[in-house]
Amino acid sequence: MYGAVPLSEIKEKLLALKAEGKLDRVRMLLLTNCTFDGIVYNVERVMEECLAIKRDLVFLWDEAWFAFARFGPTYRQRTAMNTANVLRDKLRMPEHRSAYEAQQAELEDADDETLLKTRLIPPPNARVRAYATQSTHKTLTSLRQGSMIHVNDQDFKGEVEQAFHEAYMTHTSTSPNYQIIASLDVGRRQVELEGFEFVQRQVEAAMGMRRAISTHPLLQKYFKVLTAGDMIPEAYRESGVSRADSHHSGS
């Protein structure tokens with residue numbers, strides 16, 4: 001099974017490169033969200049803490065199985081495009097600048113161990129540069145191979161845009177299948193009208209299956225519903241929650 005990369009490991013690598021004077025060589029961070037076994041990153045926290053170390057880092061989020069997330073209020077918070085918009089607004093707020101300056105004063109002589117344990121605040125002049133690739137045909141409606149690249153990059157216009165289009169045309173056909181493109185337009189229209197209802201119905205169906213498997217005496221013999229405690233090591237569950245139905249005083 002595949003899981004997420006701990007944020008502490010990413011920060012550790014970035015800080016090590018910074019200490020070696022090689023941070024300029026890091027251009028982009030690529031992560032899979034969500035993973036094949038359903039682990040979803042806290043996208044906002046990952047982007048914030050990485051931008052605190054390198055303010056112009058580019059993020060490429062592989063959301064191949066997560067295209068539906070835009071159409072559920074809970075899932076949407078963990079998407080690349082929504083997070084990029086939230087961060088753009090957040091970085092402009094006076095309260096954010098004050099929090100950043102206060103933390104900088106506090107961490108002036110901090111070692112790497114302290115930085116790893118601290119939730120870092122990005123500088124107000126950080127660049128928000130996010131890309132998301134989605135296999136639309138996997139979790140929304142389109143013909144096979146229908147997919148999209150979503151761009152939310154403050155520095156896209158200019159040289160980046162030209163290089164992006166050149167790279168895109170190098171690796172794709174100059175004679176695209178217009179049926180696939182048309183199916184993407186139909187799928188986009190469908191979720192605009194009905195997306196929230198469809199996602200909500202699927203969530204309800206999944207919860208119903210979970211309850212049935214957990215309570216049915218015969219199904220219990222052959223199947224088990226994995227919980228947060230099974231999927232995420234305790235060290236990475238700051239809330240202390242191990243099950244969806246758990247009640248934890250600190251959460």
Side-chain angles (χ1 to χ4, degrees), residues 1-5 10 26-44 46-47 50 57-88 127-203 205-206 231:
M1 295 176 70
Y2 297 87
V5 180
I10 299 170
V26 182
R27 300 295 301 277
M28 183 177 74
L29 177 64
L30 190 162
L31 294 169
T32 299
N33 190 43
C34 65
T35 64
F36 292 110
D37 48 346
I39 301 295
V40 178
Y41 281 94
N42 183 337
V43 178
E44 186 173 347
V46 171
M47 289 181 65
C50 290
L57 190 63
V58 179
F59 297 87
L60 173 54
W61 294 93
D62 178 1
E63 296 182 347
W65 296 92
F66 211 41
F68 69 90
R70 167 67 177 76
F71 306 98
T74 303
Y75 293 122
R76 184 198 285 187
Q77 299 172 46
R78 296 297 181 93
T79 64
M81 295 298 100
N82 184 74
T83 298
N85 288 331
V86 168
L87 279 181
R88 282 187 192 221
R127 309 301 293 168
V128 179
R129 310 188 62 192
Y131 295 75
T133 54
Q134 294 179 350
S135 299
T136 313
H137 67 98
K138 290 176 181 173
T139 60
L140 295 179
T141 299
S142 84
L143 291 177
R144 182 73 176 161
Q145 297 183 349
S147 55
M148 294 189 184
I149 303 174
H150 299 279
V151 180
N152 197 329
D153 182 351
Q154 284 180 282
D155 300 330
F156 188 70
K157 293 295 180 185
E159 291 183 21
V160 176
E161 185 176 19
Q162 182 181 349
F164 178 89
H165 285 299
E166 284 181 6
Y168 178 79
M169 295 308 294
T170 299
H171 295 284
T172 191
S173 171
T174 54
S175 303
N177 183 309
Y178 287 104
Q179 289 92 334
I180 294 178
I181 294 174
S183 74
L184 286 171
D185 284 336
V186 172
R188 183 170 54 187
R189 183 62 171 160
Q190 180 191 36
V191 290
E192 184 179 7
L193 294 171
E194 305 174 297
F196 285 88
E197 180 189 355
F198 283 166
V199 172
Q200 185 59 33
R201 275 166 40 191
Q202 290 302 313
V203 171
M231 306 282 276

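Using a 4.5 Å heavy-atom cutoff, the side chains of Glu63 and Thr133 are not in contact. For the pair Gln154 and Arg88, the minimum side-chain heavy-atom distance is below 4.5 Å. Leu87 places a side-chain heavy atom less than 4.5 Å from the side chain of Glu44. Inter-residue side-chain proximity for Leu29 and Leu60 is flagged as unmet; no heavy-atom pair is nearer than 4.5 Å. Put simply, the side chain of Asn33 reaches to within 4.5 Å of the side chain of Val43, judged on heavy atoms.
Checking side-chain atoms of Thr172 against main-chain N and O of Tyr168 turns up no donor-acceptor pair under 3.5 Å. For the pair Thr79 (side chain) and Arg76 (backbone), a donor-acceptor distance under 3.5 Å is present. Although no hydrogens or angles enter the test, the distance criterion places a donor-acceptor pair under 3.5 Å between the side chain of Ser183 and the main chain of Leu143. Counting only distance, with no hydrogens or angles, the side chain of Thr35 and the backbone of Ile39 share a donor-acceptor pair below 3.5 Å.
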Item to check | CA sep, side-chain torsions, deciding dist, call: Tyr75, Phe68, ring pair (Phe, Tyr, Trp, His ring centres under 6.0 Å) | outcome: CA-CA 8 Å; Tyr75 293 122; Phe68 69 90; 5.2 Å; yes
Item to check | Intermediate values then yes/no, side chain to side chain donor-acceptor pair (under 3.5 Å), Thr141 and Gln190 | outcome: CA-CA 8 Å; Thr141 299; Gln190 180 191 36; 2.6 Å; yes
Next on the checklist: Pair Arg188, Glu192 - check salt bridge (charged side-chain N to carboxylate O under 4.0 Å, His left out), show working.
Outcome noted: CA-CA 6 Å; Arg188 183 170 54 187; Glu192 184 179 7; over 6 Å; no
Next on the checklist: Go through it in stages, so that I can follow the logic: the residues are Asn152 and Arg129, the test is side chain to side chain donor-acceptor pair (under 3.5 Å), and I'd like the CA-CA distance, side-chain angles, deciding distance and then a yes or no.
Outcome noted: CA-CA 6 Å; Asn152 197 329; Arg129 310 188 62 192; over 6 Å; no
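Nearest heavy-atom pair, Gln134 versus Phe66, reported as atom, atom and distance to 0.1 Å: NE2-O, 4.4 Å. When all heavy atoms of Ile180 and Arg144 are compared, the pair lying nearest together is CD1-O, 3.6 Å.
Heavy atoms from other residues, nucleotides or ligands lying under 6.0 Å from CD of Glu161 number more than 12. By the 6.0 Å contact criterion, CZ on Phe196 is enclosed, its count of non-hydrogen atoms from other residues, nucleotides or ligands being greater than 12.
Here Tyr41 and Trp61 bring their ring centres to under 6.0 angstrom of each other. You'll find the ring centres of Phe156 and Phe164 inside the 6.0 Å limit. Between Phe198 and Phe71, the gap from one ring centroid to the other reaches at least 6.0 Å.
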